[in-house]
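Shown next, in structure tokens, is the structure this report addresses.
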Number of protein chains: 2
Amino acid sequence: MVVVGAGFGGLFATKTLRRAPASVTLINGTTYHLFEPLLYQVATGILSEGEVALPIREIFRGHDNLDIKLGWVTDVDVAEKAVLVSAPDGRERRVPYDSLIVAAGASNSYFGNDGFAEHAPSLKNIDDALELRSRIFHAFEMAELEEDPAARQRWLTFILIGAGPTGVEMAGQIAELAHRALKGQYRHADLAKTRIILVDAADRVLPAFDPPMSRDALRQLSTMGVDVRLNTRVVDVDAEGVKMETADGTERVEGYTKIWAAGVAAPALGQRLAAATGAETDRASRIRVNPDLTIPGHPEIFVVGDMAASNLPGVAQVAMQGGRYAARVIKGRLAGRPLTKPFRYFDKGNMATISRFSAVANVGRLHFRGVLGWLMWLAVHLFYLIGFKNKVTTLMHWVVSFLGRGRPQRVATTQQINARNALTRPTPP
Amino acid sequence: MVVVGAGFGGLFATKTLRRAPASVTLINGTTYHLFEPLLYQVATGILSEGEVALPIREIFRGHDNLDIKLGWVTDVDVAEKAVLVSAPDGRERRVPYDSLIVAAGASNSYFGNDGFAEHAPSLKNIDDALELRSRIFHAFEMAELEEDPAARQRWLTFILIGAGPTGVEMAGQIAELAHRALKGQYRHADLAKTRIILVDAADRVLPAFDPPMSRDALRQLSTMGVDVRLNTRVVDVDAEGVKMETADGTERVEGYTKIWAAGVAAPALGQRLAAATGAETDRASRIRVNPDLTIPGHPEIFVVGDMAASNLPGVAQVAMQGGRYAARVIKGRLAGRPLTKPFRYFDKGNMATISRFSAVANVGRLHFRGVLGWLMWLAVHLFYLIGFKNKVTTLMHWVVSFLGRGRPQRVATTQQINARNALTRPTPP
């Protein structure tokens with residue numbers, strides 16, 4: 001059988017299939033599993049990319065029934081039961097399947113304004129995180145270099161579009177950078193003048209969370225100096241700033257660094273799969289599946305995680321539980337004991353960090369905030385991080401960053417700077 | 001006064017000038033000090049780039065007389081006493097000086113064959129290390145994907161040109177990757193077939209070290225399966241392999257991954273400075289300086305480290321001691337007590353790791369090898385790493401990599417893969 005994607009859904013499906021009496025092929029476009037919930041810490045210099053990108057081959061060392069193939073699945077031949085894989089060697093390969101678990105995740109949607117992407121990168125993969133890291137630290141350096149006060153203020157202005165967990169966590173971290181971690185390191189730029197603007201069309205931050213958590217998060221963000229603009233839509237993004245629209249009219253805010261944390265869409269593969277199977281999709285092109293996560297009329301194809309249309313939030317837990325469920329259905333069929341229970345999501349809660357020592361979390365009907373929420377956040381993320389070594393080194397970096405004020409990971413590569421600025425680096429030494 | 005470069009020379013000069021009764025400007029092309037002796041560990045997945053790239057502003061936090069400027073120094077106006085700085089904002093700035101310490105390091109030389117660079121990157125900066133990391137781990141993945149046995153063998157062949165410390169350390173680490181760290185992680189590629197070829201025109205490895213150390217290193221490399229070719233010159237490098245020349249004739253070796261670890265040249269700034277001051281240079285365009293490290297006729301300009309012509313090896317210690325010496329001369333002049341002693345290098349010894357638990361080292365006339373050499377290597381590198389936090393996290397990663405077999409840092413970015421292969425990533429999810 002074939003598993004597409006090594007995100008949380010594909011990872012847990014593959015783990016569950018370990019002792020299945022069948023050979024499993026896991027296909028992923030990169031060599032690593034990405035621990036997306038901590039990607040914002042890569043973008044803000046706390047963790048290195050290696051700490052959130054675990055080599056798949058290391059995770060599954062010793063899984064004898066598993067073949068890991070590097071490549072992007074571009075299409076599914078439903079009639080012939082094979083997926084088409086485009087590998088980094090430029091070749092297309094066909095991989096046959098009897099059962100198929102598709103867990104290719106979601107990508108960011110710019111709601112049809114794909115031109116925004118260049119000016120406001122999103123935060124979905126390692127490239128994004130390293131690009132944002134490079135832009136954020138570069139912005140402070142440029143503010144230091146710049147002599148013109150207006151241009152300097154544009155370098156010290158950060159605009160975050162979307163107040164879900166990513167937008168909130170990035171806003172909190174940039175505030176920590178400006179007001180704590182980088183404090184006292186610049187002579188010409190006054191980092192106290194840093195403006196962090198968090199915009200959302202909804203009427204509260206963290207709109208997918210319970211309202212009391214939104215209130216707590218908003219209060220905490222305001223304390224940190226984040227300028228939260230609710231009921232506000234971003235209608236244009238260019239190199240120099242953002243145009244926003246409220247019920248009262250439009251406003252332009254100037255700022256060089258923009259981050260897109262709004263909108264989710266299924267990847268192109270979702271649309272291909274829907275077309276091939278005749279499955280229905282929702283507005284975000286996610287596939288409507290049966291209660292057992294299979295595509296109607298295709299009991300051999302499962303869709304789990306962010307690619308499936310549902311009322312469930314786009315969080316790791318949903319994908320993990322979906323991947324595990326689909327693998328169990330397949331194992332049940334192989335054993336001649338079909339599983340008849342539909343997929344049921346067990347909600348373990350939601351959480352988002354606002355700053356060090358402060359987070360909001362809910363577990364069932366319980367709400368936590370401040371230090372208690374933050375300790376829960378810490379414990380949960382350490383628990384779910386893959387691999388003992390990773391838990392240890394990540395904890396180390398958290399100690400360094402949260403107790404001290406260092407941001408150990410700040411490197412911008414020349415490749416990034418050149419690609420961005422189209423500058424020629426003058427005769428490097 | 002102005003210090004050019006935040007390598008070992010510039011760093012120690014700036015540190016020494018901390019309490020000088022004058023304002024100091026440190027100019028560097030990147031925001032970080034690069035701990036070059038451990039760059040090969042970034043290229044082979046042991047350390048993250050943040051661990052060898054220490055933010056300069058963090059190192060010098062609290063140095064009140066210091067202004068740090070980001071930019072590449074492209075020229076020196078000797079008559080007007082000003083350096084020209086090209087900053088990443090695309091502007092040129094003039095920074096005046098009364099005293100000038102130039103410590104812009106060295107770059108790799110392809111001996112006039114600059115076309116080799118594309119196929120055989122060198123290892124002088126973070127971009128190089130990340131590019132090599134991406135190529136090395138990618139090669140194993142490509143060997144796994146490739147069905148043709150000859151092409152697979154080309155992916156499993158690594159050719160290192162130059163058997164100085166970088167070539168030797170890289171060869172040892174790639175051998176560890178193939179035979180230990182990545183062992184058992186691939187189904188189709190047989191990593192036991194990995195070929196590692198280390199080529200040098202000299203008659204021994206580590207030619208700058210004492211001959212007994214070269215013999216020990218050679219023996220250890222051979223034990224690890226590294227194919228060492230001495231008295232062998234590389235005359236051509238292309239995408240598919242390398243042409244080598246010995247006294248017996250020429251041979252072509254096929255291999256996709258080549259690493260250039262030979263040849264050092266002064267940066268372009270060295271030639272500009274020599275032209276501006278009329279200073280003599282050696283064959284590698286390094287500037288001939290007075291015994292007090294000043295340029296003849298220009299007692300206000302010091303050249304330290306790899307940019308200065310001398311019989312001293314191009315190691316960190318020479319640059320550190322030179323930077324400290326130049327700063328002391330300047331401080332002496334400011335205090336009205338000119339230093340009259342010429343610069344004297346105190347040789348603390350040389351060392352190179354061959355593999356985990358094995359290194360060669362000499363301290364004075366004492367030679368160490370094997371575990372003892374390796375423990376010395378460990379202690380010395382930890383001692384010289386800047387910053388307590390860095391020492392701790394680096395030690396952690398060493399424990400993980402040397403006792404376990406993990407290589408935590410393996411990420412290749414899509415930007416790198418696309419730039420290299422000019423491939424379009426097919427519809428990423």
Side-chain angles (χ1 to χ4, degrees), chain A residues 5 29 31-32 48-51 53 55 57-58 61-62 67 70 72 74 86-90 104-105 107 126-127 130 137-138 141-142 144-146 184-187 267-269 389-390 392-393 396-397 400 404 406 408-417 419 421 423 425-429, chain B residues 5 29 31-32 48-51 53 55 57-58 61-62 67 70 72 74 86-90 104-105 107 126-127 130 137-138 141-142 144-146 184-187 267-269 389-390 392-393 396-397 400 404 406 408-417 419 421 423 425-429:
Chain A
T31 59
Y32 47 83
S48 68
E49 63 272 27
E51 281 161 301
R57 296 190 188 281
E58 203 140 283
R61 202 196 278 262
D67 190 11
L70 181 64
W72 300 100
T74 53
S86 177
D89 60 2
S107 54
I126 289 286
D127 274 63
L130 296 178
F137 287 101
H138 192 68
E141 288 295 331
M142 290 295 103
E144 175 78 356
L145 266 179
E146 182 61 61
Q185 297 193 14
Y186 294 90
R187 268 177 97 90
L269 177 61
K389 289 176 297 198
N390 239 47
V392 174
T393 58
M396 279 292 316
H397 280 123
V400 164
Q409 302 289 339
R410 300 197 203 170
V411 170
T413 66
T414 303
Q415 187 180 39
Q416 289 173 329
I417 295 170
N421 291 357
L423 272 178
R425 175 172 140 180
T427 42
Chain B
T31 58
Y32 48 83
S48 69
E49 63 272 28
E51 281 160 302
R57 296 191 189 282
E58 202 140 285
R61 201 196 279 260
D67 190 10
L70 182 64
W72 300 100
T74 52
S86 176
D89 61 2
S107 55
I126 289 285
D127 274 62
L130 296 179
F137 287 102
H138 193 67
E141 288 295 331
M142 289 295 103
E144 174 79 356
L145 266 178
E146 182 60 62
Q185 296 194 15
Y186 294 90
R187 267 175 97 89
L269 177 60
K389 289 175 298 195
N390 239 46
V392 175
T393 59
M396 278 295 315
H397 280 123
V400 165
Q409 301 289 340
R410 301 196 202 169
V411 170
T413 65
T414 303
Q415 187 179 40
Q416 290 173 329
I417 295 172
N421 292 358
L423 273 177
R425 175 171 141 180
T427 42

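So that the names make sense, note that chain A is the first sequence line, chain B the second, and so on, each numbered from 1.
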Could you list the residues that satisfy salt bridge (charged side-chain N to carboxylate O under 4.0 Å, His left out) with B:Glu51, not counting sequence neighbours? none
Using a cut-off of under 4.5 Å on heavy-atom pairs, state which of A:Ile126, A:Leu145, A:Leu130 scores highest against chain B. A:Leu145
Considering only heavy atoms, which portion of A:Gln415 lies under 4.5 Å from any heavy atom of chain B: side chain, backbone, both, or neither? both
Which atoms of B:Thr31 come close to chain A, meaning under 4.5 Å heavy atom to heavy atom: side chain ones, backbone ones, both, or neither? side chain
Report the distance from atom CG of A:Asp127 to atom CD of A:Glu49, rounding to the nearest 0.5 Å. 10.0 Å
For A:Glu146, check side-chain hydrogen bond (donor to acceptor under 3.5 Å, both in side chains) against everything at least two apart and list the hits. B:Arg91
Kindly indicate whether the side chain of B:Glu58, heavy atoms from C-beta on, has any atom under 4.5 Å from the side chain of B:Tyr32. no
